[in-house]
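The block underneath contains the structure these notes are about, expressed in structure tokens.
These numbers come from the heavy atoms of this one structure, side chains and all, not from hydrogens, waters or symmetry mates.
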Amino acid sequence: MLFLSQLINGIQIGSIYALVALGYSMVYGIVKLINFAHGDIIMMGSYAVWFFIARLNLHPAVSIVLSILFCAFLGVAIEKVAYKPLRNSPRISLLITAIGVSFLLQYGMQLIFTPNPRMFSNLFPGQLPIGNFSISNATLVTIGVSICMMVLLTILVNRTKMGKAMRAVSEDNEAAQLMGINVNNTISFTFAIGSALAAVAAVLYCCSYQQIEPTMGSMLGLKAFVAAVLGGIGSIPGAVLGGLLIGIAESFTKGYLSSALADAVVFGILILVLLIKPAGILGRNSHEKV
Amino acid sequence: MMLEVNNINVFYGAIHAIREISFQVEEGEIVTLIGANGAGKSTILKTVSGLLHSKTGHIKFLDTDISSANAYSLTRMGLSHVPEGRRIFQELSVEENLEMGAYTRPKGEIRDSMADVFDRFPRLKERRRQVAGTLSGGEQQMLAIGRALMSHPKLVMLDEPSMGLAPLLVEQIFDIIRELNQAGVTILLVEQNARMALQVANRGYVLETGRIILSDEADRLLTNDSVKKAYLGG
Ligand SMILES: Nc1ncnc2c1ncn2[C@@H]1O[C@H](COP(=O)(O)OP(=O)(O)OP(=O)(O)O)[C@@H](O)[C@H]1O
Ligand SMILES: [Mg+2]
């Protein structure tokens with residue numbers, strides 16, 4: 001039973017990592033930037049939902065929708081203000097700016113809401129008993145919603161005009177412009193989608209962990225980044241696979257070894273991937289993907 | 001006037017790549033730019049298509065000033081640029097590449113244009129679902145041209161379409177250029193293969209280190225002594 005429950009826990013947290021990793025991957029695909037502020041979008045999304053529910057007494061469903069819109073807008077705004085002016089600068093400037101944005105969001109939120117954690121009440125309380133075993137509703141919702149998001153994203157990227165444009169821009173920005181594709185809009189759209197997925201991840205995360213604080217995005221973001229690298233950064237199926245593998249590895253370490261080792265195992269995986277197959281499991285070296 | 005380029009100067013940082021260049025393309029013409037490696041041919045095409053911008057002068061397309069236009073907005077006006085090295089989307093399927101070519105057009109018109117391209121290039125039809133990166137060099141060039149035609153262009157700029165192709169395929173590419181022109185498409189052709197370019201063109205401009213040093217009717221350039229010596233192998 002320990003095995004099964006750890007596996008389910010792993011899939012649950014792994015789906016959250018996967019949603020966040022998708023954001024890293026899509027943004028990397030299109031602007032070749034490891035967006036280190038992406039983890040903090042989760043934090044912003046968590047605070048937004050909390051604020052709408054606890055402070056403004058809005059209906060949870062309305063709060064979730066508003067927070068998704070808020071994060072999408074925030075992601076686009078960050079790109080326009082902080083990253084776009086540096087599009088032709090060395091990658092390192094962009095990376096440092098992303099870290100700066102991350103600090104700005106974390107400390108900004110500490111200033112406004114204090115560094116103290118806030119309680120977040122689970123929006124999906126209760127358990128589903130299965131024989132002599134039970135799964136929490138929050139876990140079921142997390143896995144179900146994540147699967148839906150991934151299916152929707154796959155359809156978006158492979159079937160829609162905007163999705164194809166995203167892939168075209170990722171591969172060859174100039175050639176895409178010659179097709180008449182507005183690259184700026186396509187990049188904004190990518191940030192909006194990535195940030196919206198982070199907001200969804202935020203809600204799911206908060207329901208299981210029921211506590212939010214301004215620095216919560218760092219570790220979550222970092223682990224999702226490891227997941228994206230493990231799966232092959234730039235690859236959508238890679239992000240999903242990487243997220244699940246990291247989640248499961250972490251959960252089994254907690255269950256069978258020790259909770260203290262879980263983070264070490266995750267970063268150990270990162271080092272191993274970088275040593276053995278830097279392109280990741282599903283990544284290819286030559287061509288870029290969304 | 002289809003295209004009018006007037007006194008452009010283009011820089012890459014401190015490198016002055018294009019110096020005071022002016023030229024025109026009339027509707028229905030085939031005009032070729034010839035010149036050695038690094039003469040500035042691709043830079044001129046990129047400047048016309050809005051990927052680069054000139055510091056001086058102006059560029060007019062169908063009497064509209066496009067000097068400071070964004071590249072993506074020109075496709076809609078009827079300007080199409082097949083860049084050097086083909087630059088097809090390797091990870092997208094043949095069909096998706098063609099759809100990208102028609103990005104600015106209403107969905108309803110895409111099917112007919114795609115049928116036209118498939119008529120012209122039956123090989124592409126056979127491979128429509130194949131990922132474009134797996135096509136042969138010749139097929140990729142067909143796809144690059146087909147993709148450019150999907151936007152229904154009035155002017156097509158081709159940057160070294162024969163590069164790296166076997167002689168038979170080169171002939172085929174030049175046949176396609178002729179056919180397109182007969183169908184009413186104006187063509188600005190950049191080529192290293194100066195002889196074939198001048199044979200197909202109405203007029204030509206000879207470029208040397210960023211300047212136009214000669215311009216004339218194509219058949220007169222073919223018999224010009226200095227052109228013969230420098231570009232036609234004596
Ligand atoms: N991105 C760039 N940065 C700096 N210099 C460049 C760049 N692209 C081209 N140049 C320089 O500008 C000049 C013109 O280059 P361009 O590519 O237009 O030549 P070309 O005539 O197309 O040559 P080729 O026949 O080899 O394609 C060359 O001296 C080249 O080195
Ligand atoms: Mg060139």
message: Quick check on the interface: out of B:Met150, B:His81, B:Lys107, B:Lys46, who has the most heavy-atom pairs with chain A under 4.5 Å?
response: B:His81
- request: Could you list the residues that satisfy ring-ring contact (aromatic ring centres under 6.0 Å, His included) with A:Tyr205, not counting sequence neighbours?
  value: A:Tyr209
- request: Check each atom of B:Arg87 against the heavy atoms of chain A and say whether the ones under 4.5 Å are side chain, backbone, both or neither.
  value: both
- prompt: At a heavy-atom separation under 4.5 Å, does B:Ile88 approach chain A through its side chain, its backbone, both, or neither?
  reply: backbone
message: Do the side chains of B:Lys41 and B:Glu84 get close enough for a salt bridge, i.e. N-O under 4.0 angstrom?
response: no
query: In terms of heavy-atom proximity below 4.5 Å to chain A, should B:Arg105 be classed as side chain, backbone, both, or neither?
result: backbone
- prompt: Relative to chain A, which segment of B:Leu92 carries a heavy atom at a distance below 4.5 Å: side chain, backbone, both, or neither?
  reply: both
message: Under a 3.5 Å distance rule, please check whether A:Glu171 uses its side chain to pair with a backbone N or O of B:Gln90 as donor and acceptor.
response: yes
- request: Answer yes or no on whether B:Arg203 is positioned over the face of B:Phe23, meaning its NZ or CZ is under 6.0 Å from the six-membered ring centre and within 45° of the axis.
  value: no
message: Between B:Glu96 and A:Arg167, does any side-chain N to carboxylate O distance fall below 4.0 Å?
response: yes
